[in-house]
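Take a look at the structure below.
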Number of protein chains: 2
Amino acid sequence: MATGRTHRPATRSRGIPEATVARLPLYLRALTALSERSVPTVSSEELAAAAGVNSAKLRKDFSYLGSYGTRGVGYDVEYLVYQISRELGLTQDWPVVIVGIGNLGAALANYGGFASRGFRVAALIDADPDLTGRVVAGIPVQHSDDLEKIVEENGVSIGVITTPAGVAQEVCDRLVNAGVTSILNFAPTVLSVPDGVDVRKVDLSIELQILAFHEQRKAGELAADAPLPETPADAIPATTRQQIPAEAAAQDAARARRGAGSAGGTGSAKGAAKTKDPADQGPDGDVPAVMPA
Amino acid sequence: MATGRTHRPATRSRGIPEATVARLPLYLRALTALSERSVPTVSSEELAAAAGVNSAKLRKDFSYLGSYGTRGVGYDVEYLVYQISRELGLTQDWPVVIVGIGNLGAALANYGGFASRGFRVAALIDADPDLTGRVVAGIPVQHSDDLEKIVEENGVSIGVITTPAGVAQEVCDRLVNAGVTSILNFAPTVLSVPDGVDVRKVDLSIELQILAFHEQRKAGELAADAPLPETPADAIPATTRQQIPAEAAAQDAARARRGAGSAGGTGSAKGAAKTKDPADQGPDGDVPAVMPA
DNA sequence: TAGATTGTTAATCGATTAACAATC
DNA sequence: TAGATTGTTAATCGATTAACAATC
């Protein structure tokens with residue numbers, strides 16, 4: 001996953017493991033679906049299947065919350081929905097601001113999932129004066145000059161950053177100074193924040209790269225093993241070779257030819273990764289977009 | 001991280017742990033930035049700081065790839081960029097299709113991060129005939145009737161699903177049948193796929209819920225501990241009580257009053273989570289949006 | 001050589017899972 | 001009661017981290 005918290009030691013908040021916390025929303029979604037179908041009770045086995053996890057894990061997760069099930073029967077759906085909502089803090093209202101109303105910011109503003117779970121989009125903020133006053137998802141875009149005022153007046157503690165990477169840290173700093181203590185970052189950059197501030201990161205490009213890694217391996221399984229060594233293995237000193245997997249050894253050999261450890265532009269071979277990367281401009285590039293209100 | 005792989009045992013592909021694979025794109029991004037600044041070498045300490053991880057972890061991660069550093073010197077930036085790109089499969093071209101050109105699908109189509117790392121948006125697909133032929137991010141939207149044909153003709157192995165949740169499984173099935181073996185799913189639903197197909201999930205609402213959990217705890221730290229027990233602890237059988245943390249015990253007490261384990265709608269107490277959830281319609285709700293081309 | 005930094009070890013920690021006693 | 005299913009234990013597995021010998 002390309003998602004992760006920055007800062008704050010992997011706190012086991014009130015004794016609930018991080019991994020469990022991350023699954024609670026999954027359970028909640030499955031339970032909500034059952035609730036809509038008026039299913040009164042559900043077993044750990046059924047619920048686990050719906051949530052896509054193993055039932056032992058689910059029971060262990062629930063055991064951190066308390067003993068909410070009934071042996072021989074299962075879990076009361078409505079009751080569990082309430083308990084998990086409560087544990088996640090969804091029984092209260094969370095005003096959020098979205099900063100950076102490009103394509104992605106607009107998509108998030110329109111995303112029904114926020115409003116439905118206690119999250120309320122309190123304001124949309126952008127640095128582009130042309131955007132100010134335009135209405136996205138029924139909410140007027142405000143200028144970033146007023147960021148601090150907006151955060152304070154709305155009691156916002158959660159901020160969503162969908163700006164280009166170049167300004168993300170600055171926006172982050174301003175949000176934090178104004179009182180925001182949780183940040184959901186879509187900009188492809190590492191944010192640094194003071195202690196006590198949580199950052200979660202959603203990185204579209206990283207997700208795809210992880211898929212590509214596995215995809216490449218699938219292809220490799222069929223076609224023996226992709227790119228062939230350019231140099232016979234004996235070109236490598238035996239001492240190194242024995243510790244290194246075959247393919248890496250081949251790469252190492254290539255490197256040896258180029259002179260290992262030499263500083264500066266030996267240049268990256270053949271189709272190597274491009275430099276000058278538009279991705280790092282931000283999740284939206286530069287094109288801001290306004291959705292129909 | 002609300003991100004995770006479905007199916008496929010946590011395979012340690014060619015010996016590289018999943019956790020390491022997930023960090024490689026992070027290192028790659030930091031290295032690319034150094035490369036642009038023409039920095040020739042970097043130490044594990046510096047690179048780790050840039051990537052937001054601990055240096056021991058970084059060295060351990062790199063050790064799975066081979067011995068690419070030079071003791072006393074550090075790592076050659078260009079060489080490492082190439083090696084990681086290669087390991088991630090980014091030295092080849094990956095055609096992807098995006099299915100569901102609502103707000104989010106359009107945002108992704110416009111996202112520069114795809115094109116820049118070997119990912120090429122080969123086609124945009126939507127079920128809405130009104131959208132067919134319109135141009136988003138320079139690419140014409142094609143009708144989902146042609147999904148199979150498009151996947152096959154373009155040799156697509158990676159699919160991105162940004163449809164409403166209701167049709168995500170069907171779209172997934174069609175993609176997989178047509179030959180797609182990796183799926184990035186933005187629809188808030190659990191997809192089931194056959195063995196050999198990887199699914200990664202990005203769930204905006206889950207990320208926010210995890211932040212809310214921690215946010216709630218921060219508030220609780222100040223104000224003693226949020227909602228007070230509604231019932232004195234002695235109302236609970238001692239046997240249960242002794243195993244349960246104080247707060248859960250209070251909740252359990254409330255439950256006891258309502259009759260634990262009783263089936264059907266005791267209803268969820270006070271501000272409990274809403275049923276009928278528009279979020280589960282999909283990341284975009286129903287409003288499709290077309291970006292300026 | 002002396003200083004710097006990697007690559008690896010080993011200890012620690014957290015997460016997963018099967019199995020089953022407790023109990024509805 | 002008999003059957004079902006939870007909650008918990010304990011074993012296992014994987015990930016993190018500090019420390020340091022190897023070595024440039």
Side-chain angles (χ1 to χ4, degrees), chain A residues 1 4-5 9-13 15-23 41-49 51-76 79-80 237 239-240 242-245 248 252 255-256 259-263, chain B residues 1 4-5 9-13 15-23 41-49 51-76 79-80 237 239-240 242-245 248 252 255-256 259-263:
Chain A
M1 186 165 34
R5 298 164 72 237
T11 155
R12 307 189 49 236
S13 334
I16 303 184
E18 239 350 88
T20 295
V21 171
R23 281 188 295 265
T41 58
V42 67
S43 71
S44 62
E45 201 67 58
E46 292 164 330
L47 185 55
V53 303
N54 140 333
S55 70
K57 192 188 288 185
L58 177 143
R59 288 197 300 277
K60 188 105 172 87
D61 284 341
F62 284 179
S63 77
Y64 292 112
L65 307 183
S67 294
Y68 292 160
T70 305
R71 286 168 210 245
V73 177
Y75 299 89
D76 179 300
Y79 183 64
L80 205 46
T239 43
T240 343
Q242 64 194 169
Q243 304 255 35
I244 305 178
D252 229 64
R255 184 190 188 201
S262 77
Chain B
M1 154 184 60
R5 297 165 70 238
T11 156
R12 306 188 50 235
S13 335
I16 303 184
E18 243 344 271
T20 296
V21 171
R23 279 187 296 265
T41 57
V42 67
S43 70
S44 62
E45 201 66 58
E46 292 163 331
L47 185 55
V53 303
N54 141 333
S55 70
K57 192 189 288 185
L58 177 142
R59 288 198 299 278
K60 188 106 173 85
D61 284 342
F62 286 177
S63 77
Y64 292 111
L65 307 183
S67 294
Y68 292 158
T70 307
R71 288 169 209 245
V73 177
Y75 300 90
D76 179 299
Y79 182 66
L80 204 46
T239 42
T240 343
Q242 65 195 169
Q243 304 255 35
I244 305 177
D252 229 63
R255 184 188 188 201
S262 76

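Residue numbers start from 1 in every chain, and the chains themselves are labelled A, B, ... in the order their sequence lines are given, proteins ahead of strands. Only this structure's heavy atoms are used, side chains among them; waters, hydrogens and symmetry mates stay out.
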Please find the pair of heavy atoms, one from L47(B) and one from L80(B), that lie closest to each other, and give the distance. CD2-CD2, 4.3 Å
Rounded distance in Å - NZ (K57(A)) to C1' (dA18(C)): 13 Å
Reckon A56(A) touches a base, only the sugar-phosphate, or nothing at all at heavy-atom distances under 4.0 Å? base
Does a side-chain N or O from Y75(A) land closer than 4.0 Å to OP1 or OP2 of dG7(D), or not? yes
Could you check whether Y68(B) and Y79(B) have their ring centres less than 6.0 Å apart? yes
Side chain of K60(A) (C-beta onward), nearest among dT16(D), dT9(D), dT6(D): dT9(D)
Given side chain to side chain contact (heavy atoms under 4.5 Å, CB included), test L65(A) with I16(A) step by step and report yes or no. CA-CA 8 Å; L65(A) 307 183; I16(A) 303 184; 3.6 Å; yes
Could you tell me the separation between the CG atom of D61(A) and the C1' atom of dT17(C), rounded to a whole number of Å? 12 Å
Using whole Å, report how far CG of L58(A) lies from P of dG7(D). 10 Å
Report the base-pairing partner of dA10(D) (Watson-Crick or G-U wobble, both distances below 3.5 angstrom), or none. dT17(C)
Nearest-nucleotide comparison on DNA chain C, the residue closer to the 5′ end among R23(A) and R71(A): R23(A)
Which heavy atom in Y75(B) sits nearest to a heavy atom in S43(B), and how many Å separate them? CD1-C, 4.5 Å
Give the rounded distance in Å between these two atoms: CD of E18(A) and P of dG14(C). 12 Å
Find the partner of dA22(D): check Watson-Crick (N1-N3 plus N6-O4 or O6-N4) and G-U wobble (N1-O2, O6-N3) distances, both under 3.5 Å, and reply none if neither fits. dT5(C)
Rounded to whole angstroms, how far apart are CZ on F62(B) and P on dT5(C)? 16 Å
Could you check which of dC20(D), dT5(C), dC20(C) has an atom nearest any side-chain atom of S43(B)? dT5(C)
Measure OH/Y64(A) against C1'/dT16(C) and give the value in whole Å, please. 10 Å
Between C1' of dC24(C) and OH of Y68(A), the distance in whole Å: 19 Å
Nearest-Å distance for atom pair CG/C1', residues D76(A) and dT5(D): 15 Å
In terms of heavy-atom contacts, G15(B) and P17(B) come closest through O-CD, 3.3 Å
S44(B) vs dT6(C): side-chain N/O to OP1/OP2 distance below 4.0 Å: yes
From the set dA15(C), dT6(D), dC24(D), return the single nucleotide nearest to any side-chain atom of R59(A). dT6(D)
